[in-house]
Amino acid sequence: QKEVEQNSGPLSVPEGAIASLNCTYSDRVSQSFFWYRQYSGKSPELIMSIYSNGDKEDGRFTAQLNKASQYVSLLIRDSQPSDSATYLCAVKRGGYNKLIFGAGTRLAVHP
Amino acid sequence: DGGITQSPKYLFRKEGQNVTLSCEQNLNHDAMYWYRQDPGQGLRLIYYSQIVNDFQKGDIAEGYSVSREKKESFPLTVTSAQKNPTAFYLCASSPTPGTGEYEQYFGPGTRLTVT
């Protein structure tokens with residue numbers, strides 16, 4: 001079992017719809033979770049961090065964390081073609097600031 | 001502007017040659033990291049450093065070496081011992097460990113091709 005798992009996609013949504021990206025993790029003691037966006041050929045860009053159970057909203061983005069289910073998700077409201085990218089889920093491992101990354105979900109928003 | 005710079009953006013080398021990738025940050029971050037990304041895969045940690053003059057192996061350190069002589073700089077050397085060096089190399093930094101801020105910020109990356 002991979003430490004951080006994501007559906008590779010592509011996830012295709014129409015413009016204006018809500019895109020829902022999911023991530024599961026295996027280490028129950030993980031405390032910190034991150035979503036990065038990576039455009040093709042570019043480096044990852046931090047979108048959201050979440051540390052507590054529940055929802056965290058930032059503009060069109062909402063991160064949801066459920067530690068009991070070891071599940072973290074990212075919702076993108078009013079999806080735009082410019083949101084088309086690969087979204088990486090990352091989980092902090094242990095006492096050091098080391099992140100474990102999922103392989104990413106490719107999102108395609110079509111007009 | 002504060003940020004992380006990596007150079008060069010593209011690098012081509014012949015097999016058997018060592019090559020050094022540069023990473024500089026002016027964010028005043030203590031911790032720095034090197035990752036490798038292969039097509040369709042997530043990022044894998046090569047080395048990390050929490051403080052000057054100290055660094056630790058990550059998950060795939062074989063064939064790589066680093067130094068951390070200055071807070072701002074964390075160069076990565078890809079040696080001839082690395083069996084599959086062609087990849088996208090990403091440098092990242094994060095604030096001081098223990099502050100409760102764990103976000104890592106990435107440089108633009110170096111795409112290394114070895115033939």
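Proteins come first, then strands; the chains are lettered A, B, ... in the order of their sequence lines, and each starts at number 1. Below, all heavy atoms of this structure are taken into account, side chains as well, without hydrogens, waters or symmetry copies.
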Looking only at G58(B), A92(B), G42(B), the option with the highest number of non-hydrogen pairs under 4.5 Å against chain A is G42(B)
Other residues, nucleotides, ligands: >12 heavy atoms within 6.0 Å of R68(B) CZ: yes
Exercise: do T20(B) and T77(B) side chains pair donor with acceptor under 3.5 Å: yes
Heavy-atom proximity to chain A below 4.5 Å, by part of R111(B): side chain
Which atoms of Q41(B) come close to chain A, meaning under 4.5 Å heavy atom to heavy atom: side chain ones, backbone ones, both, or neither? backbone
In terms of heavy-atom proximity below 4.5 Å to chain A, should Q37(B) be classed as side chain, backbone, both, or neither? side chain
Does the side chain of S93(B) pick up a donor-acceptor pair with the side chain of Q25(B) at under 3.5 Å? no
With a 4.5 angstrom heavy-atom cut-off, which part of E45(A) approaches chain B: side chain, backbone, both or neither? neither
Cut-off 4.5 Å, heavy atoms of chain A, and the answer for L45(B) is side chain
Aromatic rings F106(B) and F101(A): how do their planes relate, parallel, tilted or perpendicular, breaks at 30° and 60°? perpendicular
Parallel, tilted or perpendicular: which fits the ring planes of Y89(B) and W34(B), with parallel below 30° and perpendicular above 60°? perpendicular
